[in-house]
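Everything on this sheet refers to the single structure shown next.
In what follows, every chain begins at residue 1, and chains take the letters A, B, ... in the order their sequences are listed.
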Number of protein chains: 2
Amino acid sequence: MEQQRISDQIAESLMAKIAEGELKPGERLPAERALASRLGVSRPSLREAIQKLNSKGLLETRRGGGTYIREGIEPSFVDPLLAILKELPESRFDVLEIRHALEGSAAYYAALRSSESDKANIRRKFETMIGKHGIGDPMDEARADAEFHLSIVEASHNLVLLHVMRGLFTLLMSSISHNLEKLYTLPRVFQPLSNQHRRLMEAVLEGDPERARQAAQAHLTFVEESLQQIFRQLASNREHLRELN
Amino acid sequence: MEQQRISDQIAESLMAKIAEGELKPGERLPAERALASRLGVSRPSLREAIQKLNSKGLLETRRGGGTYIREGIEPSFVDPLLAILKELPESRFDVLEIRHALEGSAAYYAALRSSESDKANIRRKFETMIGKHGIGDPMDEARADAEFHLSIVEASHNLVLLHVMRGLFTLLMSSISHNLEKLYTLPRVFQPLSNQHRRLMEAVLEGDPERARQAAQAHLTFVEESLQQIFRQLASNREHLRELN
DNA sequence: CTTTTTAAATTGGTAATACCAATACTCGGA
DNA sequence: TCCGAGTATTGGTATTACCAATTTAAAAAG
């Protein structure tokens, strides 16, 4: 009675992989023949599954080119927001407030649920983030920072949370990208940041939920205050310029 | 130059025939082999078209039986993320975990920042929610419940938070709609819910951030546990049915 | 050495065929 | 008239082959 079409099973499994982030938007799917043999199914069955996802708008197929995962899946939460943020710069801190609430929980559940591979991934992202510092590309460093935080969110094994956080990061990146370098180049800001990241990671790796939550919240409080200072400074600079006119 | 897949052409033609009434709901489609040869296409191509319409909910296929045109015409969801998460039942509790983290903050900031009109709006939504109880439409009651919570989020004056929460509510509604009535019809569940709502509202109206946060979190904890119980009970019911076979 | 051209490899699209499994139907027997 | 077994029908899956568009890389021209 539990007889499910295998094309449905395939479609479900692919959707799960997209939802879990194993397959990222814009990425290319393996060729049909290769994927079919890897999944141990026939090519027609795989194609039926692909057509379904295609009609749902999750995939995009170009004849002779390949099958790609459609972009614009995350913006379902974010899309209307980009317009808002352009009109209302103050809402930058709205994003930080939400991160403050969410990252604490993410760290908490990550400490509880993370598998060994999750932990290895977090460590790897931490190392690359450290390695990016001082090379001179603040945007690259910011991306590595975001990926470190997202690796913790992934380890929380909450798919909805992962999607929301991804949306928030793209939002944050696009709204304060020009001010990010300040956050990474000032030594008296970077050193505490690095320490906070390390404490957060260690709490998660050791499986201490409460400490992880506190570490995440302390980190976000610091980021929030640092950005506040930077923006205040910029504002006062603008004031000075205005006086000079 | 814009070459269309013939499976798409078939799907389109079938949809047109359904729309024009040439194929009526409940009616049976010709057998795949017959229809394929009548349309002059191969069976795999026809099958791909059928799978697409199948995943859109327009057709219903029974192995060995035949393919029928579905009676109920449901509004098809366009949101890809929604489509994904609807297929993953675990995501229900993912949403609740996030609400747990976010609604506490929303209540906190609402207590700090709400204007007089915000407070009036919250009161109004609370009254309508109470008024809906016992009339017999659980879905309507659930909607009023959601609007009450959203009125508090609005009062937090965080636009990004408002958008995220709206998305989460539609997700929650669509994923547990069939189980919602249990949450509102059982008296021993409704009474505590109502009290929690009142305490949350009072804390916000009186401008007590910490109490508001605690009230929101206590409420979510209760909802989470109640839904866990309901789902566990449903699962055990299914077990019993299975034993009877 | 760079640019352009061309040919081969890769990839999705379609078709034909065979066989399996579940269902529907028919016909014979009670 | 009803019921049950057998058969035909129907959807599900796999295999194979070939076509068409694209991509890639090698080769040729500058």
What N/O pairs connect the protein and nucleotides 4-7 of chain C at under 3.5 Å? Give each pair on its own line.
none

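Rounded to whole Å, the distance from CG on A:L35 to C1' on C:dG12 is 13 Å. Atom pair B:L46:CG and D:dG11:C1' shows a separation of 11 Å (rounding to whole Å applied). Atom CG of B:L59 is separated from atom P of D:dG11 by 11 Å (rounded to the nearest Å). Separating the CD atom of B:E60 from the P atom of D:dT10 is a distance of 18 Å, rounded to the nearest angstrom. Here D:dG12 presents its P atom at 9 Å from CG of A:D8, a figure rounded to the nearest Å. Counting to the nearest Å, the P atom of C:dT23 and the CZ atom of B:R28 are 14 Å from each other.
Ion pair A:R113/B:E97 flagged as a salt bridge, since at least one NZ, NE, NH1 or NH2 atom sits closer than 4.0 Å to an Asp/Glu carboxylate oxygen. Salt bridge status for A:K132 with A:D145: absent, with no side-chain N to carboxylate O gap under 4.0 Å.
No more than 12 heavy atoms of other residues, nucleotides or ligands shown are found within 6.0 angstrom of CZ on A:R198.
Checked against the 6.0 Å centroid threshold, A:F126 and A:H197 do not count as a close aromatic pair. Aromatic ring centroids of A:Y109 and A:H157 lie 6.0 Å or more apart.
The closest side-chain donor-acceptor pair between A:K56 and B:S55, if any, does not fall under 3.5 angstrom. No side-chain N or O of B:S45 forms a donor-acceptor pair with one of B:S7 less than 3.5 Å apart.
When each of A:H149, A:H100, A:R99, A:E103 is paired with A:H219, the side-chain hydrogen bond (donor to acceptor under 3.5 Å, both in side chains) condition holds for A:H149 and for no other.
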In B/S/- notation (B base, S sugar-phosphate only, - none; protein heavy atoms under 4.0 Å), nucleotides 13-18 of chain C written 5' to 3' is BBBB-B

